[in-house]
Amino acid sequence: MLLNSIPSQSAVSSIDLGSEWIKVAVVNLKPGQSPISIAINEMSKRKSPALVAFHAIGEEAAGLVARYPNKVYSQVRDLIRKPFDYVKKFLDSYYLSFDVVEDSRGGVGIKIDDGVTVYSPEELTEMVLGYGMRLAEFHSKVMVKDAVVTVPPYFGQV
């Protein structure tokens, strides 16, 4: 029996998800490329801010922080599955001015600048992870099917 070796047409990504920054690495098995490389963002930097603004994400959102501090959402990873009272104190300690509301689970919902739409911290974190996946695909020039997300060791299953 003859097995044909078909080269992979996809890459694997690794996203280091921090409170303030994300770093994206790509494992690419295409011939002629470095097997592991750090993806650079649109500003040619190896780490990108973990910021969400509904006009921009990452490095572009960092430019909006000074002009529109209530429209750029940061530290969202640290708000996941935390009680509302904890989140209010946390946001006050970091002088973050975005509007939060209590959701039905007793957690937090983040009200965006239209005053109506409420997102959970999980949804905003997903936007940051999606940005990381787009960086990986742009860097590797092939579709990324799998990703490994690293988080701090004190993160539990939740």
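Residue indices begin at 1 and follow the sequence shown. Heavy atoms only: backbone and side chains are in, while hydrogens, waters and symmetry mates are out. Note that the structure is predicted; figures quoted are calculated from it, not measured.
- With sequence neighbours left out, E60 forms a salt bridge (charged side-chain N to carboxylate O under 4.0 Å, His left out) with no residue at all.
- Applying the under-4.5 Å side-chain rule to Ile, Leu, Val, Met, Phe, Trp and Tyr, the cluster around V116 consists of that residue alone.
- Taking hydrophobic clusters as Ile, Leu, Val, Met, Phe, Trp and Tyr residues chained together by side-chain heavy-atom distances below 4.5 Å, W21 does not share a cluster with L135.
- With a 4.5 Å cut-off on side-chain heavy atoms, F54 and M127 count as touching.
- With rounding to the nearest 0.5 angstrom, the CG atom of L51 is 9.0 Å from the CD atom of Q75.
- A donor-acceptor pair under 3.5 Å is absent between the side-chain atoms of E137 and the main chain of R134, judged by distance alone.
- Residue V148 is not grouped with residue L17 when hydrophobic side chains (ILVMFWY) are merged at heavy-atom distances under 4.5 angstrom, including chains of intermediate members.
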After noting the C-alpha distance and the side-chain angles of I110 and L124, does the key distance pass the side-chain contact (heavy atoms from CB on, under 4.5 Å) rule?
-> CA-CA 9 Å; I110 300 165; L124 294 179; 3.4 Å; yes
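- Interatomic distance, I22 CD1 to R46 CZ, rounded to the nearest 0.5 Å: 15.0 Å.
- If you check the side chains of T125 and R77, you find no donor sitting under 3.5 Å from an acceptor.
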Run the side-chain donor-acceptor check on residues 63-74: report pairs under 3.5 Å with partners two or more places apart or on a different chain.
from, atom 1, to, atom 2, distance (Å)
Y73, OH, D113, N, 3.4

Which atom pairs, one a donor and one an acceptor, fall under 3.5 Å between side chains of residues 83-100 and the rest of the protein, sequence neighbours left out?
from, atom 1, to, atom 2, distance (Å)
S93, OG, F90, O, 2.7

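- Annotation for V144 and D146: closest pair CG1-O, 3.4 Å, computed over non-hydrogen atoms.
- Side-chain atoms of S14 and V24, non-hydrogen and from C-beta on, never get closer than 4.5 Å to each other.
- Under the side-chain contact (heavy atoms from CB on, under 4.5 Å) criterion, D103 pairs with R105, sequence neighbours left out.
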Evaluate side-chain contact (heavy atoms from CB on, under 4.5 Å) for V101 paired with V108, printing each intermediate quantity in order.
-> CA-CA 6 Å; V101 295; V108 66; over 6 Å; no
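- F138 and V128 fall into different hydrophobic clusters, where Ile, Leu, Val, Met, Phe, Trp and Tyr side chains are chained together by heavy-atom contacts under 4.5 Å.
- Under the 4.5 Å side-chain heavy-atom criterion for ILVMFWY residues, a single connected hydrophobic cluster contains both V76 and V151.
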Please list every donor-acceptor pair under 3.5 Å in which a side-chain atom of residues 35-44 meets a protein atom from a residue at least two apart or in another chain.
from, atom 1, to, atom 2, distance (Å)
S37, OG, H139, NE2, 2.9
N41, OD1, M43, N, 2.9
N41, OD1, S44, N, 3.2
N41, OD1, K45, N, 3.0
N41, ND2, S48, OG, 3.0
N41, ND2, E59, OE1, 3.1
E42, OE1, Y131, OH, 3.1
E42, OE2, Y131, OH, 3.1

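- Taking CE of M133 as the reference point, atom CG of L129 lies at 9.0 Å (rounded to 0.5 Å).
- The two residues A50 and G18 have their closest heavy-atom pair at CB-O, 4.0 Å.
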